[in-house]
Amino acid sequence: MTDTQRSEGGTPVVVRFAPSPTGYLHIGGARTALFNWLYARGRGGKYLLRIEDTDRERNNPEAVAAILDGLTWLGLEWDGEPVSQFSRAARHREVAEALLAQGGAYRCYLTPTEIDAMRKQAEAEKRPLTIRSPWRERDPAEAPQGAPFAVRLKAPREGETVVEDHVQGRVVFQNKELDDLIILRSDGNPTYNLAVVVDDHDIGITHVIRGVDHLTNAARQTQIYRGMGWDVPEWAHVPLIHGADGAKLSKRHGAQGVEEYRAMGYLPAALRNYLVRLGWSHGDDEIMSTEQLVQWFDIDGINKSAARFDFKKLDDLNGHYLRQTPDAELLAAIQAMLPHLDFAALRALAVDPKAPARSDVALAHEAASQVPGAATGADLARLFAAKGWDALGAALPSLKERAKTLAELISQALFLVAGRPISLDDKATKLMDADARAILTAIVPRLAAAEEWNPSALEALVRGYAEETGTKLGKVAQPLRSALTGRTVSPPVFDVMSVLGRDETLARLTDQAR
RNA sequence: GUCCCUAUCGUCCAGAGGCCCAGGACGUGGCCCUUUCAAGGCCAAAACACGGGUUCGAAUCCCGUUAGGGACGCCA
C-alpha cells in the first residue's frame, strides 16, 4: 500500500535536507540528513540540499558554510548545488499571486497590534488562539488606501486535513484548529511554509523526511498543495533526539553541533552508526557498515518515540571504529582535527557539571600539564611534526586500542612530545620511591647495552632482569612507565620505549634515577 | 491551556496475539587474561508505567489514567 513500495517499482526517489542556517549543523539535523541520504542512496534516488534562509535576519554565509562543512565531514554529500531558498522568492511570490487570483488566498489587513490584542484576549479567556481574519470575507476595497497587508491562505474551515505519514501513521487535524496561515508577509516576502511547498514541488521531491516538530506544518503545507492542486509528497516525520534527562537537546547536554563531535574526536562512520540507531534498527545489529545501512535502511522502520542521546554508547562505538581504522588513516584524521582545537578555550569552557565529560576538554587539561608550551592543537601538531609524525604513527597500534575518541588518543600520546624532564603526576610521583629509583639505576646500563631496540627484545631484557633479581615484572615495569610517560597508565611500556627510541628512553630514565 | 505524538532493563533497540517466567548492545558489578590501562572472554543484576477490557491466550489489539515530548509567530 505504501508509496515506498511504489517507488521501488520505478518512480525515482528525490529527497532533500533543508536546514536553516543557524551557524552549525545540529546533531538532530545530522540524523535527519543521514536518514534522507540513506534513503536516497539505497534506492538510487537523489538527495538534494536546500538552505532555508527566507528569514533574512538569519542569513549569513558563515552559517551556511558551517552546515556544508558539517555534512561533508559526516560524509553526507548532496547531489547538485545547494539551493538558497531566498533566491527563489520571486517564484514563491508568483505562486502566492496565483493563489490570490484563483481565490485560494486573500489579502489580510489585520495589523500586528490587532493580532496582539486577539492573542491577549485568547490567553485571558484560556482558549487556544486561532486567528479568524475578517478580511477572509470582507471586500478589500474597504481597506484603508495603501495600507500594508499580508496574504493568507484561504484554508478550509470544515472537515479535516489528514497527514498520511510513514513514521507517525495517519494523523488527523481538524481544520477548525488550523488558522489561515500567512503565505506572504506584509513586506511582500514569502513565508517558510509557502516556500517549502513551492520548492519541494518544483524540484519534484517525492519524500519529505524531517523532524516531528514539522508535523503540524505538514498539515498546513498539505493545504497549500491542495490549494494549488499539486500532489502531496510522502511524509516521514522522525522523532527528535533528547538529552540524557529527556528534555530537548541543548547546550547544557554537552554538545549540539557536529563540529563539536569532530573536535572531541568522534569518527564520522561511528557517529553515523550511532545516529542511525536512534530510532531505527535492523534486528539486533549494532555495528553496521555504510553499505549495509544503505541496503537495509527504510523509513517505514523508524520508531515514533524520541530517543535520549547517550555519550557512553557513542564512545563505545567510536572505540570500535577507532580500532578498525588503518593507522595511516588515523594519523591523517588526527592531523585534520588538531587545528580545530584551542586548549585555552576548551579549558575555559563552562560545562554543566552534570553534562558528560568531554574528551577534548580533558585533553586540554592534560596538554597544560604535559606540554605547557602548546596552547592550541596547531602548536601540538608542530611538536609532533618536530618529533616526526612517524613516532606517533608507530605508537598508534597500541594507542588506538585504548582510546574512545581521537582526543583521548592524543592525550595518551602526549608523552611522546613532552619535554625533559617530564613532569610526573601525583600517582607517578608517589610510585617513584627509593626502590623504584634503584631499579631504574640498575636497569639503565642494561638498556644502554641492548643489541636490539624493539618491543619484544626490550621485554626479554627487562624480564631477564626481573627474573635474575627475583622481582615481579610489575615492580620493574611501573617505575619504567612512570619515568617514561609521567603517568601510571600508558600503552605497554615496551612499546613506549620502542617508539621513544633509545636515547630519549635512557635520558628520561636517567632523569628519574638520580 | 488547546491540538498531536509517545510509553519494554539506567540508556538505545528487538518483539508486529501463542516461539517471551521477554532477546541484543551500552553502562554497572564480579571473575578470567595481564607489566599499568584498555581490548577480549565468561558470569550476574536489571524492564513490558498503571487500571480496565477484547481473546482460549496480550509486551503485542481497544479504552482510560498517569508521565514525558512536540506544535500552537508576518521564525524556520
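Just so it is clear, the structure is predicted and the values come from calculations on it, not from any experiment. Just so it is clear: chains get the letters A, B, ... in the order the sequence lines come, proteins before strands, and each one is counted from 1.
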Ring centroids only, cut at 6.0 angstrom: are [X] and [Y] within range, meaning strictly under it?
| X | Y | value |
| --- | --- | --- |
| A:Tyr192 | A:His214 | yes |
| A:Phe309 | A:Tyr261 | yes |
| A:Tyr266 | A:Tyr321 | no |

Pairwise [atom1] distance, [M] and [N] [rounded to whole Å]:
| N | M | atom1 | answer |
| --- | --- | --- | --- |
| B:rG24 | B:rA44 | P | 10 Å |
| B:rG57 | B:rG10 | P | 30 Å |
| B:rU65 | B:rC13 | C1' | 27 Å |
| B:rC20 | B:rC4 | P | 38 Å |
| B:rC43 | B:rC48 | P | 24 Å |
| B:rC62 | B:rU28 | P | 38 Å |
| B:rC26 | B:rA46 | C1' | 13 Å |
| B:rC19 | B:rA14 | C1' | 14 Å |

Quick one: do the [X] and [Y] side chains pair a donor with an acceptor below 3.5 Å?
| X | Y | value |
| --- | --- | --- |
| A:Asn189 | A:Arg93 | yes |
| A:Thr32 | A:Arg210 | no |
| A:Asn454 | A:Ser498 | no |

Any salt bridge between A:Lys427 and A:Asp425, counting N to O under 4.0 Å?
no
[X], nearest nucleotide to its side chain (from [options]):
| X | options | result |
| --- | --- | --- |
| A:Arg402 | B:rC74, B:rG69, B:rA38 | B:rA38 |
| A:Thr191 | B:rA14, B:rC74, B:rU35 | B:rC74 |
| A:Leu473 | B:rU36, B:rU35, B:rG24 | B:rU35 |
| A:Gln478 | B:rA76, B:rU36, B:rC4 | B:rU36 |
| A:Gln85 | B:rA76, B:rU6, B:rC37 | B:rA76 |
| A:Asp310 | B:rU6, B:rC26, B:rA39 | B:rC26 |
| A:Asp284 | B:rU11, B:rC74, B:rG23 | B:rG23 |
| A:Ala307 | B:rG69, B:rA71, B:rC12 | B:rC12 |
| A:Lys404 | B:rC3, B:rC12, B:rA38 | B:rA38 |
| A:Thr54 | B:rU35, B:rA76, B:rA25 | B:rA76 |

Looking at A:Tyr106, is A:Arg152 sitting on its ring face, NZ or CZ under 6.0 Å from the six-membered ring centre and within 45 degrees of the normal?
no
Mind checking who B:rG68 pairs with, Watson-Crick or G-U wobble, both distances under 3.5 Å?
B:rC5
Taking pairing as Watson-Crick or G-U wobble with both contacts under 3.5 Å, can you name the mate of B:rU34, or confirm there isn't one?
none
5'-most contact on RNA chain B (nearest-nucleotide basis), A:Arg481 vs A:His282, goes to A:His282
Want to settle it: does A:Gln412 or A:Gly301 sit nearer the 5' end of RNA chain B, counting the closest nucleotide to each?
A:Gly301
Spell out yes or no: do the side chain of A:Thr216 and the base of B:rC72 have one donor N/O and one acceptor N/O closer than 3.5 Å?
no
Is any side-chain N or O of A:Asn217 under 3.5 Å from a base N or O of B:rA76, one able to act as donor and the other as acceptor?
yes
Are OP1 or OP2 of B:rA14 and a side-chain N or O of A:Ser281 less than 4.0 angstrom apart?
yes
Just to confirm, is there a sub-4.0 Å distance from OP1 or OP2 of B:rA14 to any side-chain nitrogen or oxygen of A:Asn303?
yes
For atom [atom1] of [X] and atom [atom2] of [N], their distance in whole Å:
| X | N | atom1 | atom2 | result |
| --- | --- | --- | --- | --- |
| A:Lys427 | B:rU36 | NZ | C1' | 11 Å |
| A:Lys312 | B:rC26 | NZ | P | 14 Å |
| A:Arg277 | B:rC12 | CZ | C1' | 6 Å |
| A:Arg323 | B:rA39 | CZ | C1' | 6 Å |
| A:His214 | B:rC5 | NE2 | C1' | 16 Å |
| A:Phe309 | B:rU11 | CZ | P | 16 Å |

Select base, sugar-phosphate, or nothing to describe what A:Arg487 touches, counting heavy atoms under 4.0 Å on all strands.
nothing
Categorize A:Glu177 for me: base, sugar-phosphate, or nothing, with a 4.0 angstrom heavy-atom threshold over every strand shown.
sugar-phosphate
